[in-house]
There are 2 protein chains.
Amino acid sequence: MYMKKESARPIISRRSRPAKTPLSRDVIVSSALEILDRDGLAGLSLRRVAAALDTGAASLYVYLTNLDELHALMLDEALATVQLPKSRRLSWRDRLKAFLLSYLHVLYNRRGLAQLALSTISSGPRTLLIWERLLGLLKEGDVEDAKAAWGVDLLTLYVTAIAAEKSNWRESGEGPGRVKDALLSASVEEFPLVVAFREALLSGDAEARLDWALDIIIDGIVGGRLPAASSAVPRPTQRRGTRSKP
Amino acid sequence: MYMKKESARPIISRRSRPAKTPLSRDVIVSSALEILDRDGLAGLSLRRVAAALDTGAASLYVYLTNLDELHALMLDEALATVQLPKSRRLSWRDRLKAFLLSYLHVLYNRRGLAQLALSTISSGPRTLLIWERLLGLLKEGDVEDAKAAWGVDLLTLYVTAIAAEKSNWRESGEGPGRVKDALLSASVEEFPLVVAFREALLSGDAEARLDWALDIIIDGIVGGRLPAASSAVPRPTQRRGTRSKP
DNA sequence: ACCTGAACACCGTTCAAGT
DNA sequence: ACCTGAACACCGTTCAAGT
């Protein structure tokens with residue numbers, strides 16, 4: 001199952017390649033994305049990328065500081081294909097939803113990418129462009145600045161999470177089957193509500209649920225309260241924060 | 001840096017342990033959680049768990065089918081400590097938020113657990129209990145069944161995603177610093193809105209943002225539209241679904 | 001039935017040596 | 001400056017052999 005291909009062959013026959021394919025961040029990233037498509041995140045390794053480029057893993061360290069950096073570069077590159085709908089006939093809201101759906105599909109359609117998106121802090125140019133577009137759409141909807149800013153965070157995080165969850169289901173074999181089994185075998189004594197809600201919990205396809213959730217979140221961003229305070233305001237009584245010093 | 005500890009010592013001195021510590025799923029899981037606490041997800045391996053239990057990795061396969069299963073067991077076990085606030089003086093809404101915050105803190109406080117939560121499909125008894133509690137709270141708020149069911153999904157996914165994102169920041173060294181840098185160095189020509197929104201994008205601490213987002217989502221679940229249709233209803237025109245057969 | 005050592009097929013990263 | 005082979009310190013999983 002492990003293609004050892006051209007391992008013990010002294011005749012290398014460089015056929016088409018012009019001498020070697022000069023290494024660069026770009027060729028490394030696109031090579032890595034090809035491997036991701038074929039073998040998923042589990043099949044992606046520096047050694048495999050290097051092998052595809054006909055070199056050793058050590059060579060990549062001239063262009064990358066480590067595997068994490070490659071991940072971030074891959075993610076940002078992949079996000080280049082997220083698309084704003086052209087049709088000007090749609091409302092800002094429908095275009096926002098279409099854009100988020102495009103984002104979702106980009107993450108979901110490429111194996112392992114959604115996983116990567118959640119474990120990688122990306123802030124490359126493609127990521128910035130997505131923020132730019134989202135801010136533009138929310139501004140079209142006359143959302144106040146403070147709400148738009150926080151809304152971008154909320155929307156991207158939610159969509160990323162959905163993509164990752166769906167990806168998991170696909171990658172790990174059988175969809176939400178395990179959850180379904182757990183629901184069906186839950187005891188009424190211990191989990192009366194879960195049992196009572198069985199059908200409702202399992203109802204609806206992924207798209208209907210996503211659409212519902214997006215509507216809720218968008219409505220909330222548009223109509224909800226303003227972010228409580230800018231960073232300079234003293235907080236009211238709060239429950240034991242994450243900050244380290246008072 | 002790699003504690004080779006008691007590697008080449010013929011005198012093993014079983015001190016306190018009663019003959020050996022008999023292996024079982026439970027001891028394996030709690031041993032694994034200890035390692036997770038100390039060394040994070042990157043430091044967790046079957047070999048290390050086995051070493052802590054004074055045996056070889058192969059021995060664990062009597063109790064586990066693979067590493068993924070251990071992950072799922074660990075997650076479910078850790079979720080046991082999520083707590084419903086006792087104080088009956090709080091509104092259902094405040095108790096819901098406190099419960100979700102407890103969930104968040106359980107995921108966040110244990111290193112690597114949030115990551116695990118997003119890459120693992122958990123459906124053990126502790127997970128079911130969390131659904132049970134959430135359904136109970138939403139019912140107290142007189143949320144319609146269909147909305148409550150989908151709401152559980154939305155709330156847990158969002159909180160898990162937040163925990164994972166914050167965990168990433170902590171685990172990967174410097175918090176949202178990279179994002180901040182990207183924001184500060186973004187060009188006005190390319191990303192005018194991002195630049196204009198700089199301050200708003202960075203404003204507010206994590207708690208304020210979380211609180212804002214939770215309010216939006218809860219409001220949406222309470223007041224938003226009903227899920228469009230139960231699974232049996234024909235869908236209106238939809239954009240190219242994920243389903244495989246028509 | 002349970003446990004084990006050894007082996008297999010991999011990893012990321014570093015480093016001294018080459019060009 | 002860029003590339004490389006070899007080495008280091010790990011992985012998960014399987015398997016034949018032991019008790």
Side-chain angles (χ1 to χ4, degrees), chain A residues 1-8 10 12 14 17-28 31-32 35-36 38-74 112 116 119-120 171-172, chain B residues 1-8 10 12 14 17-28 31-32 35-36 38-74 112 116 119-120 171-172:
Chain A
M1 192 182 282
Y2 312 93
M3 31 196 159
K4 57 195 74 153
K5 270 189 197 168
E6 45 213 326
S7 63
I12 315 170
R14 286 238 178 284
R17 269 169 301 182
K20 187 64 182 298
T21 337
L23 245 37
S24 73
R25 269 165 100 97
D26 277 348
V27 291
I28 292 170
S31 196
I35 292 171
L36 189 68
R38 256 209 331 276
D39 307 317
L41 198 54
L44 178 80
S45 73
L46 286 176
R47 289 174 116 110
R48 286 251 249 258
V49 174
L53 294 169
D54 217 352
T55 181
S59 307
L60 305 183
Y61 282 82
V62 178
Y63 304 92
L64 305 169
T65 59
N66 56 33
L67 180 63
D68 276 348
E69 190 174 69
L70 177 59
H71 284 164
L73 292 170
M74 290 170 71
L116 229 161
S119 64
T120 301
E171 220 70 12
S172 72
Chain B
M1 194 181 283
Y2 311 94
M3 35 200 156
K4 58 196 72 156
K5 269 190 198 165
E6 45 212 328
S7 61
I12 315 169
R14 287 238 179 283
R17 268 168 300 184
K20 189 60 183 299
T21 339
L23 247 36
S24 73
R25 268 165 101 99
D26 277 347
V27 291
I28 292 170
S31 197
I35 291 172
L36 190 68
R38 257 209 331 275
D39 307 316
L41 198 54
L44 178 81
S45 71
L46 286 176
R47 289 174 115 110
R48 285 252 248 259
V49 174
L53 293 169
D54 218 353
T55 183
S59 307
L60 305 183
Y61 283 81
V62 179
Y63 304 94
L64 306 169
T65 59
N66 56 32
L67 181 62
D68 276 347
E69 189 173 70
L70 176 60
H71 284 164
L73 292 170
M74 289 169 70
L116 229 161
S119 63
T120 302
E171 220 70 13
S172 72

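First the proteins, then the strands, lettered A, B, ... as listed; each starts at 1.
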Do A:L44 and A:D39 come close enough that some side-chain heavy atom pair is under 4.5 Å?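 Result no, sub-4.5 Å side-chain heavy-atom pair not found.
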Side-chain contact, heavy-atom cut-off 4.5 Å: A:L23 with A:L53?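 When only atoms from C-beta onward are counted, A:L53 and A:L23 do touch, with a gap below 4.5 Å.
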Point-to-point distance, once rounded to the nearest 0.5 Å, from OG of A:S31 to CG of A:D26: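 Reported value, rounded in 0.5 Å steps: 12.0 Å.
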Nearest 0.5 angstrom please: B:H71 NE2 to B:L36 CG, how far? 8.0 Å
Show the nearest heavy-atom pair for residues B:L41 and B:G112, with the distance to one decimal. CD2-O, 4.0 Å
Nearest heavy-atom neighbours spanning A:L116 and A:T120: O-OG1, 2.8 Å
Using heavy atoms and a sub-4.0 Å distance, could you list which residues of residues 59-69 of chain B are near DNA chain D? By number, please. B:Y61, B:N66, B:L67
Can you list the steps and then say if A:L73 with A:I28 is a side chain to side chain contact (heavy atoms under 4.5 Å, CB included)? CA-CA 10 Å; A:L73 292 170; A:I28 292 170; over 6 Å; no
Donor-acceptor check, side chain of A:R47 to backbone of A:G56, threshold 3.5 angstrom: yes or no? no
Kindly say whether A:Y63 contributes a backbone atom to a donor-acceptor pair with the side chain of A:R25 at under 3.5 angstrom?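 Here the side-chain-to-backbone pair exists.
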Without decimals, in angstroms, what is the distance between [X] [atom1] and [N] [atom2]?
X	N	atom1	atom2	value
A:L44	C:dC10	CG	P	15 Å
B:L70	D:dT13	CG	C1'	14 Å
B:L53	C:dC3	CG	P	11 Å
A:L23	D:dC2	CG	C1'	9 Å
A:L46	D:dC10	CG	P	19 Å

Might you work through the side chain to side chain contact (heavy atoms under 4.5 Å, CB included) test for B:M74 and B:L70, ending with a clear yes or no? CA-CA 6 Å; B:M74 289 169 70; B:L70 176 60; 3.8 Å; yes
Which whole number of Å gives the distance between the P atom of D:dA9 and that of C:dA9?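 D:dA9 and C:dA9 have their P atoms separated by 23 Å.
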Under-4.0 Å side-chain N/O to phosphate OP1/OP2 contact, A:R47 with C:dA9: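 For C:dA9, neither OP1 nor OP2 has a side-chain N or O of A:R47 closer than 4.0 Å.
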What N/O pairs connect the protein and nucleotides 16-19 of chain D at under 3.5 Å? Give each pair on its own line.
none

Where the side chain of A:A57 is defined as all heavy atoms beyond and including C-beta, which of C:dT13, D:dT13, D:dC15 is the nearest nucleotide?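 That would be C:dT13.
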Fill in the dot-bracket string of DNA chain D, one character per base: . for unpaired, | for a pair to another strand, ( ) or [ ] for pairs within the strand, taking Watson-Crick or G-U pairs under 3.5 Å. ||.|||||...|||||.||
Please lay out, stage by stage, how B:L64 and B:L46 fare under the test side chain to side chain contact (heavy atoms under 4.5 Å, CB included). CA-CA 10 Å; B:L64 306 169; B:L46 286 176; 4.1 Å; yes
